[in-house]
Amino acid sequence: MRLLALLLTAGAGLTQAARVVYDWNITYVTANPDNLYERQVVGVNGKWPLPAIHVNLGDTLVINAHNALDIPTSLHSHGMFQNNTPWMDGPVGVTQCAIPPNYNLTYEFNITQHGSYWIHSHYMGQYMDGLRGPLILHNPNETYTYDEEVIVTVSDWYHKQSSDNLNTFLNVANPTGAEPVPQSGIINDSANTTFSFTPGKTYRLRFINISGFSTFYLSIDNHTLDIIEVDGVSQNTHTHLITIVSNHQNFASSQDVGMQSTFDDFILVPLINATIPEPDQSVNLTFNFDVTTDGFNRGMFNELPYLQPKVPSLNTMLGMGNDSNNVDVYGPQSMAYIMKHLDFIEVAISNFDSGNHPFHLHGHTFYMAGRGNGTWTGDRSSTEWSSNPMSRDTILIPAEQYVIIRFRADNPGPWFFHCHIDWHLESGLAATFIVAPDVAQQRMTLPQAFKDVCIAGGNPSEGNAAGKEGLDLSGAPSGITLLYDGFTAKGKGAMAACIICALIGIASIIFYALSDPEKKAREIANAKLQNGSISS
Ligand SMILES: *[C@@H]1O[C@H](CO)[C@@H](O)[C@H](O)[C@H]1NC(C)=O
Ligand SMILES: *[C@@H]1O[C@H](CO)[C@@H](O)[C@H](O)[C@H]1NC(C)=O
Ligand SMILES: *[C@@H]1O[C@H](CO)[C@@H](O)[C@H](O)[C@H]1NC(C)=O
Ligand SMILES: *[C@@H]1O[C@H](CO)[C@@H](O)[C@H](O)[C@H]1NC(C)=O
Ligand SMILES: *[C@@H]1O[C@H](CO)[C@@H](O)[C@H](O)[C@H]1NC(C)=O
Ligand SMILES: *[C@@H]1O[C@H](CO)[C@@H](O)[C@H](O)[C@H]1NC(C)=O
Ligand SMILES: *[C@@H]1O[C@H](CO)[C@@H](O)[C@H](O)[C@H]1NC(C)=O
Ligand SMILES: *[C@@H]1O[C@H](CO)[C@@H](O)[C@H](O)[C@H]1NC(C)=O
Ligand SMILES: *[C@@H]1O[C@H](CO)[C@@H](O)[C@H](O)[C@H]1NC(C)=O
Ligand SMILES: *[C@@H]1O[C@H](CO)[C@@H](O)[C@H](O)[C@H]1NC(C)=O
Ligand SMILES: *[C@@H]1O[C@H](CO)[C@@H](O)[C@H](O)[C@H]1NC(C)=O
Ligand SMILES: *[C@@H]1O[C@H](CO)[C@@H](O)[C@H](O)[C@H]1NC(C)=O
Ligand SMILES: [Cu+2]
């Protein structure tokens, strides 16, 4: 009998689910990734960069987090659906209270997806201080063949602490909302990373954008890239140039010549064709930046900045009985939208700003269904609809255009929808999609640890957005509203151009941040190639 059991175990070896445990003591570390300035960063177990997490589809991932910082923290596994475990999602104020200093919280969830993802702090601007790194979910039954895989992260880098930058950004002295300018662009957390390739081999490149603010365009001279996965969704596009919108794309490379200077997300084609039904429910969002009554320049949906409720929306959702079906309990400025279980949702997002913004939805991927110039007017005939849309969890919405996304509300929980430029998130450019509170209550109970973490930090663990019962919302965060005669953020375009130039000046090498200077980028790429460290 023993032998039989052993044989059965061995036979099932490849598909055996494992419990993969990481103990993360979140600590301050000093680091100098751009060789220009040594500073305090947020690392793990006394080290920075963070170790990449590797786990297989079907495994259970456990991260025992201990907060050894003197400020709160949290961890978000970016792109994970967290179906049935919404408390493991990580955004402070949405699915949990922040982990206070000298406190432990265990994140544990089943891996039901595969692909290249990342994990990052979802507290204030903290991930820009370094608390972010690759989260690689391997498919034991890999469908692609390649010789080797390489993780490539791209990020901007600041010399100041995010808290200092945030104080400068959200400040009455900054009415135009000029964002802090990063000092460097780094690849794999260094300004001098060398990747070695052997001619003739096929590589899976796992590109992960762990940037806080800046946009990166990348290409490899004389190579086209086959995009095989975007945000964990398999797909099939051949391209010279890609953008990675705060996430994760994978490539196998093959040879060709040339380079483009723009990338259009809508050219992405899913490996499995999409047929998308007409929506059951629609939500309209517009967004812009303006000065609010507190004197700060804030980003906001529908003219109201997101203000974090006193009680996480998840605690409210699971703890308030039938009242959780009433949108008011989530707070006047949680920008909450209740969505019915299994409805097919359409969200039209109009960008009134003169910059591009990457929007990320937690808990789901969505179809990039349509787009158009100017503002969504409800006129479906003037909208450009995709016949076979790619789905992903982040989309860049270009200046003064609108985008229409659609998704199935099949994942009960409160899911954050926000600009992934961390400064804009902190200033209020966020909404909460409250999916199926009734079904959530039937299926799940909030683990005690996610009530305790609130109490440990001195916060209420239950009730509505004000920490009160029923519809008594007195004391809920509110009242920061649009100031109609304020400044507008016209200076932004110019500022963005400066940032991009600064990055090009410093950034390495094969990959480059781009506004126009294709020539310069080619020079950078050529210099790298002449160094002989990349070959084909
Ligand atoms: C966490 O790391 C800090 C800094 O290295 C150390 O002082 C502390 O003892 C560690 N805590 C735990 C629980 O390992
Ligand atoms: C918290 O985590 C640290 C580091 O893993 C561990 O040493 C400590 O015992 C934990 N404390 C509690 C109360 O679980
Ligand atoms: C993971 O999956 C197993 C088996 O389906 C289940 O028993 C367990 O509760 C799940 N764990 C989590 C954290 O969801
Ligand atoms: C492995 O992938 C192949 C190709 O997609 C599929 O046909 C097969 O069913 C998969 N096997 C398992 C055990 O998932
Ligand atoms: C980059 O790293 C290489 C070694 O990998 C070293 O020889 C070279 O001096 C470094 N360049 C700079 C600018 O730091
Ligand atoms: C890039 O970073 C990944 C993940 O941290 C690491 O596995 C890999 O070795 C790094 N590669 C280089 C060339 O630094
Ligand atoms: C990368 O992430 C940053 C920060 O979220 C974002 O501004 C940018 O649009 C993302 N995408 C690209 C292509 O760099
Ligand atoms: C998928 O859609 C493409 C067009 O985007 C079409 O050429 C192809 O035949 C479709 N494949 C299947 C299996 O329907
Ligand atoms: C439950 O809440 C919904 C929405 O607030 C309301 O329409 C409905 O009447 C309530 N049902 C009960 C039984 O209270
Ligand atoms: C938006 O404007 C651009 C430039 O004028 C044009 O090429 C594009 O077709 C327009 N898109 C739609 C959906 O009208
Ligand atoms: C969304 O906006 C369009 C255009 O103003 C309007 O026709 C439509 O009714 C709105 N939908 C909702 C749900 O508000
Ligand atoms: C790219 O290929 C062309 C044609 O083979 C060659 O002339 C050129 O030098 C190559 N560029 C680089 C940067 O290797
Ligand atoms: Cu933004």
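As a basis for the values below, the full set of heavy atoms in this structure was taken, side chains included, without hydrogen atoms, waters or symmetry mates. We count ligands from 1, going down the list as the structure has it; atoms in each ligand are counted the same way.
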Exercise. Check His424 and report its N/O/S atom nearest to the Cu ion (ligand 13), by atom name.
Key: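 When I compare the N, O and S atoms of His424, ND1 is nearest to the Cu ion (ligand 13).
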
Quiz item: Looking at the Cu ion (ligand 13), which N/O/S atom of His357 is the nearest one?
Solution: ND1

Exercise. Do me a favour and list the nearest non-hydrogen protein atom to atom 4 (C) of ligand 1 with residue, atom name and distance?
Key: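 Going by distance alone, atom 4 (C) of ligand 1 is nearest to Thr27 CG2, 3.7 Å.
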
Quiz item: Which heavy atom of the protein is the closest neighbour of atom 8 (C) of ligand 1, given with residue, atom name and distance?
Solution: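 Checked against all protein heavy atoms, atom 8 (C) of ligand 1 sits closest to Asn25 ND2, 3.8 Å.
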
Could you tell me which atoms of ligand 7, counted from 1 in the order shown, lie closer than 4.0 angstrom to a heavy atom of [X]?
| X | value |
| --- | --- |
| Ile421 | 5 (O), 7 (O) |
| Gly212 | 4 (C) |
| Pro358 | 6 (C), 7 (O), 9 (O) |

Self-check item: Test item: protein heavy atom less than 4.0 Å from atom 11 (N) of ligand 1
Solution: yes

Self-check item: Per-atom contact, atom 14 (O) of ligand 1, protein heavy atoms, under 4.0 angstrom
Solution: yes

Self-check item: Salt bridge Asp34-Arg39, side-chain N to carboxylate O under 4.0 Å
Solution: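 Here Asp34 does not pair with Arg39 in a salt bridge, since their nearest N and O are not under 4.0 Å apart.
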
Exercise. For the pair Glu303 and Arg298, find out whether any cationic side-chain nitrogen is under 4.0 Å from an anionic carboxylate oxygen.
Key: no

Quiz item: For the ring pair His78 and His420, is the centre-to-centre distance below 6.0 Å?
Solution: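 Yes, ring centres under 6.0 Å apart.
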
Self-check item: Ring centroid separation Phe289 to Phe296 under 6.0 Å
Solution: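 No - the distance between ring centres of Phe289 and Phe296 does not fall below the 6.0 Å cut-off.
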
Exercise. Would you confirm whether Asn64, through its side chain, and Thr106, through its main-chain N or O, come within 3.5 Å as a donor-acceptor pair?
Key: no

Self-check item: Test item: Gln401 side-chain N/O and Gly374 main-chain N/O as donor-acceptor pair under 3.5 Å
Solution: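 Pair absent, no side-chain N/O of Gln401 close to backbone of Gly374.
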
Quiz item: Heavy-atom contact under 4.0 Å between Ser214 and ligand 7?
Solution: yes

Quiz item: Any idea which part of Leu396 is under 4.0 Å from ligand 7, heavy-atom wise: side chain, backbone, both or neither?
Solution: side chain

Practice problem: Answer side chain, backbone, both or neither: which part of Asn209 comes under 4.0 Å from ligand 7, heavy atoms only. | Solution: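 Under 4.0 Å from ligand 7, Asn209 contributes side-chain atoms alone.
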
Practice problem: Decide whether an N or O pair under 3.5 Å exists between Phe213 and ligand 7. | Solution: yes

Self-check item: Side-chain donor-acceptor pair present, Ser214, Asp156, cut-off under 3.5 Å
Solution: yes

Quiz item: So Trp118 and Tyr127, would you call those rings parallel, tilted or perpendicular, with 30° and 60° as cut-offs?
Solution: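 Perpendicular.
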
